[in-house]
**Q** 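Structure provided below as structure tokens; questions to follow.
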Amino acid sequence: MSQLGTLEDLPLDYRQGLTARNLVPLWPALRAALPYGIPARKTKPILWRYEEIRPQLLEAGRLTPIEKAERRVLVLANPGLGLDNMQATPSIYIGMQLILPGEIAPNHRHSPSAVRFVVEGEGGFTIVEGEKCPMEPGDLILTPSGLWHEHGHSGSGPVIWMDALDLPLVYGLEASYCTEGAPQTVRNEADGSQTRYRRSGLVPYAAVTRPRANYPLVRFPWREVKSALADLATVTPRGEAVRLAYVNPETGMECMPILGFSAVHLRPGESLRLPRHSASSVINVVDGSGTARIDGVELAFDQFDTMAVPTHAEVEIANASSTRPAHLFVVDDAPMQRKLGFYEIFG
Ligand code: GTQ
């Protein structure tokens, strides 16, 4: 490993000549761009407390009418990446969105893909391409790139959910934009999780012979996820993660192109090392409490808290309860990294 030359090694007039021609020497910056062994990461392992987010969000509800917000969201910004940049990790945007009874977050579609993971409240709904999806706590609702979506609330009390978008990536590519639309016409039938894709292992017959649909299922009810995890726990050896991936039921592959989603069931008293991998991620605590150690940083978590996990990080998570399971919802950018050919899992 040789010591590379620095900018200061170069004569000033040469550097100025380069600058005037929009040229930059690589070698002084080579090690920063391609560090040995492990990427340079600005992302901080941090935790946002729901207990602190919630009152600020409710205050936003008093301060800013929905017409003045379109989407009433507080963005979870990783301080390591700069508070102005709307990045929880380099690729993942996370917001907490509040909708109050009777409000409408109007119909639009955009190039970034989004998902909603419901935190609290009853009576919220998202309409995706005419499909009305109830939003019950823990439900995952997909609004992939280009699909129309609008939110509403026909219940009482606040409804709050977590938005996860691939916005930092799409924005970084200067490809992020949005189109407004008229309110959608809602199809008069239950969402696909209750009809066409009611049971895993069973899909409408035509799906086997025609090309696979990109987004056949846009709502994954938590009720199903939680009970599937509990069943999986009964056959998963101690020390192995009880974890389910959200997939496209027609292809068995990840349900969105850039971001991936999974749910973890931590058994009572369980302490788990997640496999170290090249993806960054965000963890939302569905229920339970415990501690997470992310690259040596210890974070105590409670229900509804959210944590940022840098790429290549060491992660250990422990359930504080010896009697009750804890559940985590995980967002990562592994699908994108796999498609681009640089996803690695180090075990
Ligand atoms: O609900 O459509 O947090 O368009 C950011 C952008 C939510 C949404 C966000 C959005 C939405």
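All ligand and atom numbering here is 1-based and tracks the order in the structure.
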**Q** Does NZ or CZ of Arg54 lie under 6.0 Å from the centre of the six-membered ring of Phe304, at an angle within 45° of the ring axis?
**A**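 Because its charged atom misses either the 6.0 Å distance or the 45° angle limit, Arg54 does not stack over Phe304.
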**Q** Give the residue and atom name of whichever protein heavy atom lies nearest to atom 5 (C) of ligand 1, and the separation in Å to one decimal.
**A**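 Of the protein heavy atoms, Tyr93 OH, 3.4 Å lies nearest.
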**Q** What protein heavy atom lies closest to atom 8 (C) of ligand 1? Include the residue and the distance to one decimal.
**A**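 Checking every protein heavy atom, the shortest distance to atom 8 (C) of ligand 1 gives Arg71 NE, 2.9 Å.
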**Q** Verify whether one side chain among Thr126 and Arg116 offers a donor that lies under 3.5 Å from an acceptor in the other.
**A**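 No - no donor-acceptor pair under 3.5 Å links their side chains.
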**Q** Among protein heavy atoms, which lies nearest atom 6 (C) of ligand 1, and at what distance?
**A**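 Going atom by atom, the protein heavy atom closest to atom 6 (C) of ligand 1 ends up being Leu165 CD2, 4.0 Å.
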**Q** Decide if atom CZ of Arg21 counts as having more than 12 heavy atoms of other residues, nucleotides or ligands within a radius under 6.0 Å.
**A**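 No, the 6.0 Å shell around CZ holds no more than 12 heavy atoms from other groups.
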**Q** Which option out of Arg109, Glu150, Arg116, His151 puts a heavy atom nearest to atom 11 (C) of ligand 1?
**A**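 Checking each option, the heavy atom nearest atom 11 (C) of ligand 1 is found in Arg116.
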**Q** When you look at CZ of Arg324, are more than 12 heavy atoms from neighbouring residues, nucleotides or ligands closer to it than 6.0 Å?
**A**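 No, CZ of Arg324 has 12 or fewer neighbouring heavy atoms, counting only those of other groups under 6.0 Å.
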**Q** Which ligand 1 atoms are under 4.0 Å away from a heavy-atom of His149?
**A**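 Atoms satisfying the 4.0 Å criterion: 2 (O).
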**Q** For ligand 1, which atoms, with element, lie under 4.0 Å from some heavy atom of Val73?
**A**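 Under 4.0 Å from Val73, ligand 1 has these atoms: 3 (O).
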**Q** In terms of residue, atom name and distance, what is the protein heavy atom nearest to atom 7 (C) of ligand 1?
**A**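 Residue, atom and distance for the closest contact: Asp163 OD2, 3.3 Å.
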**Q** Are Phe117 and Phe220 close enough that their ring centers fall under 6.0 Å?
**A**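 No - the distance between ring centres of Phe117 and Phe220 does not fall below the 6.0 Å cut-off.
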**Q** Centroid-to-centroid, His277 to Tyr343, below 6.0 Å?
**A**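 Centroid distance His277-Tyr343: below 6.0 Å, so yes.
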